[in-house]
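This report refers to the structure that appears directly beneath it.
The model shown is predicted, which means the values in this text are computed figures rather than measured ones. Throughout, residue positions are numbered sequentially from 1 according to the sequence presented.
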Amino acid sequence: MKKNPYVQFTKYLIDFMFLSGIIVCGGVPFIFKEAGRYIPIFKENYFPFCIIFMMAGVFALIILWNPRKMLQTVIREDPFVRENVAALKRMGSCAFIIAFIMSLRLFFVITPAALVIILVFLVAGLFSLVLSQVFDQAVTYKQENDLTI
């Protein structure tokens, strides 16, 4: 099969996001220290914000790792496998964990952006879990079809 440019672009985009996510997650203490010079809330809540954002960052990296693995099955032209079902469930769980972690931030400061982030990750978690069920059914149908002569 000819390489699909959308798949290739998506793969490179996710790889870039994953690698830059590692750098940003590791740089949170330095970034927040610098932000504290200009934005008082970062100085006042430096340590809790570092913990909250670094923890959320780790789970975001786990979310990004899973579609990287899933894209390999698309490239191999075999996307309907149980590993992708498990990856979607993991992504959903991580999204819910991020929503919870970010809700802890509300104890320090309530902003519209924080509420939007929580809502986005709740919806993403639900979407991932529903999509995992769709993939699970597709895998079952594929396996039954593969056994049919």
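Nearest heavy atoms, Leu88 versus Met70: CG-CE, 3.9 Å. Across Ile117 and Met102, no two heavy atoms sit closer than the pair CG2-CG, 3.9 Å. Summarising the geometry of Thr140 relative to Arg82, their closest heavy-atom pair is OG1-NH2, 3.2 Å, with the distance given to 0.1 Å. When all heavy atoms of Ile14 and Pro67 are compared, the closest pair comes out as CD1-CB, 3.8 Å. Nearest approach of Leu61 to Gly21, heavy atoms of both residues: CD2-C, 3.7 Å. The shortest non-hydrogen separation linking Ile63 to Cys94 is CG1-CB, 3.5 Å.
Here CZ of Arg90 is found 4.5 Å from CG of Asn66. Values are rounded to the nearest 0.5 Å. Atom CZ in Phe127 sits 9.5 Å away from atom CE in Met91 (nearest 0.5 Å). Annotation: the span from Ser132 atom OG to Gln137 atom CD amounts to 10.0 Å, rounded to 0.5 Å. Considering CD of Gln133 and OG of Ser128, their distance stands at 12.0 Å, rounded to 0.5 Å. Between the CD1 atom in Ile52 and the CG atom in Leu106 there is a gap of 9.0 Å [rounded to 0.5 Å]. Taking CH2 from Trp65 and CD1 from Ile22, the interatomic distance works out to 8.5 Å, rounded to the nearest 0.5 Å.
For the residue pair Thr10 and Arg68, no side-chain donor N or O sits within less than 3.5 Å of a side-chain acceptor on the partner. Looking only at atom types and distance, the side chain of Asn84 has a donor-acceptor partner in the side chain of Thr73 under 3.5 Å away.
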query: Please walk me through it: do Phe96 and Ser93 pass side chain to side chain contact (heavy atoms under 4.5 Å, CB included)?
result: CA-CA 5 Å; Phe96 289 133; Ser93 298; 5.5 Å; no

task: Applying side chain to side chain contact (heavy atoms under 4.5 Å, CB included), run through Ile41 and Phe49 and close with a yes or a no.
output: CA-CA 9 Å; Ile41 197 76; Phe49 273 19; 4.3 Å; yes

ring-ring contact (aromatic ring centres under 6.0 Å, His included) evaluation trace for Phe135 with Phe80: CA-CA 7 Å; Phe135 260 72; Phe80 297 109; 5.2 Å; yes

query: Please walk me through it: do Lys11 and Gln72 pass side chain to side chain contact (heavy atoms under 4.5 Å, CB included)?
result: CA-CA 9 Å; Lys11 180 188 178 315; Gln72 294 305 316; 3.5 Å; yes

message: The test is side chain to side chain contact (heavy atoms under 4.5 Å, CB included); show your working for Leu104 and Ile51 and say whether it passes.
response: CA-CA 11 Å; Leu104 296 176; Ile51 298 297; over 6 Å; no

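Summarising the local packing, CE of Met17 is surrounded by 12 or fewer heavy atoms from other residues, nucleotides or ligands at distances under 6.0 Å. Residue Lys142 qualifies as enclosed at atom NZ: its count of foreign heavy atoms under 6.0 Å is above 12. Annotation: Tyr141, atom OH; neighbour count of heavy atoms from other residues, nucleotides and ligands within 6.0 Å does not exceed 12.
Between Phe42 and Phe32, a ring centre-to-centre spacing shorter than 6.0 Å is recorded.
The one candidate from Ile118, Val120, Leu119 that meets the side-chain contact (heavy atoms from CB on, under 4.5 Å) condition with Val116 is Val120.
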